Visitor: 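After the structure tokens below, expect a handful of questions from me.
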Amino acid sequence: MNAKFAEIRSQFPILNQKENGQSLVYLDNGATSQKPQRVIDAITTYYAQQNANVHRGVYGLSERATELYEGARETTRQFLNAASTREIVFVRGVTEAINLVAQSWARTNLQAGDEIIITEMEHHSNIVPWQLLRDQIGIRLSVLPMNDRGEICLNALQGMVSAKTKLLAVTQMSNALGTINPVKAMAQIAHAVGAKVLVDGAQATPHMPVDVRDLDCDFYALSGHKMYGPTGIGVLYAKEALLEAMPPYQGGGDMIYSVTFEKTEYNILPYKFEAGTPHIEGAIGLAEAIRFLQEIGLPEIAAYEAQLLAYATDRLKEIEGLRFIGQAAEKGGVISFVIEGVHPHDMATLMDQDGIALRASHHCAMPVMQHFKVPATIRASFGVYNNFADIDRLVAALQEAKAMLL
Ligand code: 7TS
């Protein structure tokens, strides 16, 4: 196996751990990734040596904490190729980013009868915020269907958009199917009718290069914890003119310029959207995770994980009665499947006894399960530390468990 990626694996302390007496095979990267030592170190160094609140103190410690926090914003700007750090808002994760766009931008700019288009493969976090908005202001929520391979069709989108369409909200990579969507082409179709475009990058950012200016999306959301960074930190990227015109999402400290009981003037971007003490160590940890990804190289990661996906797909075909859920031509390192006669949860429980962590659920994408008429799937999702040996362990354990269950 690739020596470079073997060395990368050695940077993750948790992978030396045993689970149920077996060395851990971690295949639930779609849910959250493990953290390399350097990210853990960045967080502990912050608390041991750099901790102070940001944007407030005139003392050195606070200035240094502010530099680290704002430095993390610049690192994120570069990572996404955003035009300005004013376009980088730190939030809790993709869920909060989408809720922010729904309640600030959409609630202000849309009215009854306007349409938002999502796709059939969205995570609940890109469905429910729009349903809440629908119930609040009476927008129409339309769903772009996918085919039985788990792909969406550009022609169908073309036929669906109209002057009423105000937003297309789409995942760049499906967490339940692995499908990589042609978001750049989709954005062009949406923009042609004057709609804005939100891209859910939760699954994409750990696995492929992302350039928000090349995609020309209006909003882009990511979660730190899925890309080797900490939980509780994420980013909403939005084009500056949009953010400038949007009202604040939450009120409180840091997001204001001046306050009287009569009138409050808001702070400049991006602080207008960061009320309260932010997740300082989260941003610092995220920046370290981004440097980790950039040093390996996103194209190299994509190529390596494509090898894992191809190998795992081939090996899983050895298992009789296994049906892949999601066979898109463009796929990232996610394999969802069911095995005839076996409940996914029973299988995941047996896998755990073998030290293999994978997911059996609806993956917060219940409409995907409804499309394929399954209650749940078993999902193996890959990260930079996985290798062919992990996949061999998985296939052997699945064979054994199947023999036991059937
Ligand atoms: N969008 C997609 C495509 C996701 O996969 C997830 C999380 C989210 C949004 C929400 O991200 P959060 O960081 O705000 O929670 N997906 C999963 C998963 O597949 N298993 O657990 C969480």
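Whatever order the structure lists ligands and atoms in, that order sets their numbers, starting from 1. Just so it is clear, the values below take in all heavy atoms, side chains as well, and ignore hydrogens, waters and symmetry mates. This structure is a prediction, so every number in the text was calculated from the model and none was measured.
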Visitor: Which residue from Lys226, Arg92, His363, Glu122 reaches closest to atom 16 (N) of ligand 1 through any of its heavy atoms?
Guide: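 Checking each option, the heavy atom nearest atom 16 (N) of ligand 1 is found in Lys226.
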Visitor: Could you tell me whether Thr95 approaches ligand 1 through its side chain, its backbone, both or neither, with non-hydrogen atoms closer than 4.0 Å?
Guide: both
Visitor: Please assess Thr85 against Glu70 for the test side-chain contact (heavy atoms from CB on, under 4.5 Å), listing each intermediate value before the final yes or no.
Guide: CA-CA 9 Å; Thr85 49; Glu70 292 305 325; 5.8 Å; no
Visitor: Note the single closest protein heavy atom to atom 5 (O) of ligand 1, along with its residue, its atom name and the distance in Å.
Guide: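 Minimum-distance protein heavy atom for atom 5 (O) of ligand 1 reads Gln203 NE2, 2.6 Å.
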Visitor: So, do His363 and His124 have ring centers that fall under 6.0 Å from each other?
Guide: no
Visitor: Please state which protein non-hydrogen atom is closest to atom 1 (N) of ligand 1 and give its distance, to 0.1 Å?
Guide: Asp200 OD2, 2.5 Å
Visitor: For the CD atom on Gln37, are there more than 12 heavy atoms of other groups (residues, nucleotides or ligands in this structure) within a distance under 6.0 Å?
Guide: yes
Visitor: Kindly say whether the aromatic ring centers of Phe292 and Tyr228 come within a distance under 6.0 Å.
Guide: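 Ring centroids of Phe292 and Tyr228 are less than 6.0 Å from each other.
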Visitor: Would you say Arg379 contacts ligand 1, with heavy atoms under 4.0 Å as the rule?
Guide: yes
Visitor: Counting heavy atoms only, which of Ser223, Ser125, Cys364 is nearest atom 13 (O) of ligand 1?
Guide: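 When every heavy atom of Ser223, Ser125, Cys364 is considered, Ser223 comes closest to atom 13 (O) of ligand 1.
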Visitor: Compute the ring centroids of His55 and Tyr69, then answer whether they are less than 6.0 Å apart.
Guide: yes
Visitor: Can you check whether Arg359 has an N/O within less than 3.5 Å of an N/O in ligand 1?
Guide: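 Among all N and O atoms of Arg359, at least one is under 3.5 Å from an N or O of ligand 1.
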